[in-house]
Amino acid sequence: MLSEQTVELIHAFFYDRTEFWHIANTKTAQELATALEELLTLYANDKNSSTLREWAVLQISGCQPRTDKIGYNGYRGDVPYEVKPRNVLSSENKKLNGGGNFTDFTYERLEKYLQDGVRVLVAGFVDGNLVYVLEVPFACLYSAIKAQLDKQFHGDRPTGLFLRSANFSFHNYANCPEVRLVFLHRDWQQFANWLTLGFRRYLQQLAGEMS
């Protein structure tokens, strides 16, 4: 639930910007910080938009986010990046498995990602808290995605049809030596209940290699 002061600020923001600034200027720094925390928490847990989560992952990975929706999510130099952030709520019976998914996939897109040398930033959030970020070369996911395309289209995709969701988990890149642990929450073990056992062990392995 949002506090009354946060609701007041949101209402004014959308209906009267002059009133918004008037109200904001009457708030203390602590009240404004509380309102900002509430809004960011709300946005970070939004099931209908991953924009904020994607932006945060790109920033912490040293990538430049794209401002438009066409093309890859971001770049580091000339290297393109796609972000696959998953958020689970502690109130729900779901766990993170180091996975993600690609929507509306095709054989053409599969080959383009491989040729462009796309890197995938696989990220996990619990209640909007960033727990981990892994950098995975798309080449490590190629076989798993192609197998799903083949299962649906048998090598011949009719025009206008797409693989709506191509999923992957850490099992598909666990043996890839190029996977890099970009970020791990300093108290990540407190989120252990929302990580699958196998993936938790995989994170421990990666963290041990970094230390």
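Everything numeric here is computed off the predicted structure, so don't read it as measured data. Sequence positions, counted from 1, serve as the residue numbers for this chain.
Listed here is the closest heavy atom pair of Pro158 and Phe153: CD-CD2, 3.8 Å. Scanning all heavy atoms of the two residues, the minimum distance from Ala123 to Leu130 falls at CB-CD1, 4.2 Å. Residues Asn87 and Phe125 come closest through the heavy atom pair OD1-CB, 3.1 Å. The two residues Leu58 and Gly74 make their nearest non-hydrogen contact at CD2-CA, 4.1 Å. Closest approach of Phe183 and Ile60 over heavy atoms only: CD1-CD1, 3.3 Å. Of all the heavy atoms in Tyr173 and Leu134, the pair that sits closest is OH-CD1, 3.4 Å.
When only modelled atom types and interatomic distance are considered, Asn101 and Ser165 share a side-chain donor-acceptor pair under 3.5 Å. Tyr142 and Asn172 share no side-chain donor-acceptor pair at under 3.5 Å. A donor-acceptor contact closer than 3.5 angstrom is absent between the side chains of Ser61 and Glu135.
A donor-acceptor distance shorter than 3.5 angstrom exists from the side chain of Gln5 to the backbone of Glu31, with no hydrogens or angles considered. With hydrogens and angles ignored, the 3.5 Å screen pairs no side-chain donor or acceptor of Asp16 with any backbone N or O of Ala12. At distances below 3.5 Å, not a single donor-acceptor pair connects side-chain atoms of Arg86 with backbone N or O atoms of Val122.
Under a hydrophobic clustering in which Ile, Leu, Val, Met, Phe, Trp and Tyr are joined whenever their side-chain heavy atoms come within less than 4.5 Å, directly or via other members, Val131 and Trp55 fall into different clusters. Tyr132 and Leu206 end up in the same hydrophobic cluster when Ile, Leu, Val, Met, Phe, Trp and Tyr side chains are linked at under 4.5 Å. Linking ILVMFWY side-chain heavy atoms closer than 4.5 Å, directly or via other members, places Leu40 and Leu9 in two distinct hydrophobic clusters. Leu141 and Phe162 sit in two unconnected hydrophobic clusters of ILVMFWY residues. Membership requires side-chain heavy atoms under 4.5 Å apart, directly or through other members. Leu52 and Leu42 are not part of a single hydrophobic cluster, where members link through side-chain heavy atoms under 4.5 Å apart.
Atom-to-atom distance recorded for Leu184:CG and Leu203:CG is 6.0 Å, nearest 0.5 angstrom. Distance check, rounded to the nearest 0.5 Å: OG of Ser50 to OH of Tyr43 gives 8.5 Å. The distance from atom CZ of Arg164 to atom CD of Gln148, rounded to the nearest 0.5 Å, is 15.0 Å.
Between Tyr75 and Tyr72, the angle of the ring planes goes over 60°, which puts this pair in the perpendicular group of the 30/60° scheme. The aromatic rings of Phe20 and Phe13 sit perpendicular, their planes meeting at an angle over 60°, well past the 30° parallel limit.
Proximity of the aromatic rings of Phe102 and Phe138 is defined here by a centroid distance below 6.0 angstrom, and this criterion is met.
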Checklist entry - Taking it one step at a time, do Ile10 and Leu2 satisfy side chain to side chain contact (heavy atoms under 4.5 Å, CB included)? => result CA-CA 10 Å; Ile10 295 173; Leu2 296 177; 3.7 Å; yes
Checklist entry - Should Leu195 and Phe170 be marked as a side chain to side chain contact (heavy atoms under 4.5 Å, CB included) after you check the CA-CA gap, both sets of side-chain angles, and the distance that decides it? => result CA-CA 11 Å; Leu195 305 174; Phe170 86 95; over 6 Å; no
Next on the checklist: Set out, in order, the CA-CA distance, both residues' side-chain angles and the distance that settles side chain to side chain donor-acceptor pair (under 3.5 Å) for Asn97 and Thr196, then state yes or no.
Outcome noted: CA-CA 6 Å; Asn97 65 354; Thr196 63; over 6 Å; no
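For residues 65-139, no residue pair satisfies the disulfide (SG to SG under 2.5 Å) rule, not counting sequence neighbours.
In Glu108, the CD atom is crowded: over 12 heavy atoms of neighbouring residues, nucleotides or ligands sit closer than 6.0 Å. The neighbour count for Asn25 CG, taken as heavy atoms of other residues, nucleotides or ligands under 6.0 Å away, is above 12. In Glu37, the CD atom is not crowded: 12 or fewer heavy atoms of neighbouring residues, nucleotides or ligands sit closer than 6.0 Å. No more than 12 heavy atoms of other residues, nucleotides or ligands sit less than 6.0 Å from atom CG of Asn93. In Glu92, the CD atom is crowded: over 12 heavy atoms of neighbouring residues, nucleotides or ligands sit closer than 6.0 Å.
A salt bridge links Glu178 with Arg119: the distance from a Lys NZ or Arg NE/NH1/NH2 to an Asp or Glu carboxylate oxygen falls below 4.0 Å.
Partners of His22 according to the ring-ring contact (aromatic ring centres under 6.0 Å, His included) rule, which considers only residues two or more places apart in sequence or in another chain, do not exist here.
Within the 4.5 Å cutoff, the side chain of Glu8 has no heavy atoms near those of the Glu19 side chain. At least one side-chain heavy atom of Tyr202 sits less than 4.5 Å from a side-chain heavy atom of Val179. Between Arg157 and Leu149, the closest side-chain pair of non-hydrogen atoms is not below 4.5 Å.
Relative to the ring axis of Phe199, Arg201 does not place its NZ or CZ within 45° and under 6.0 Å from the centre.
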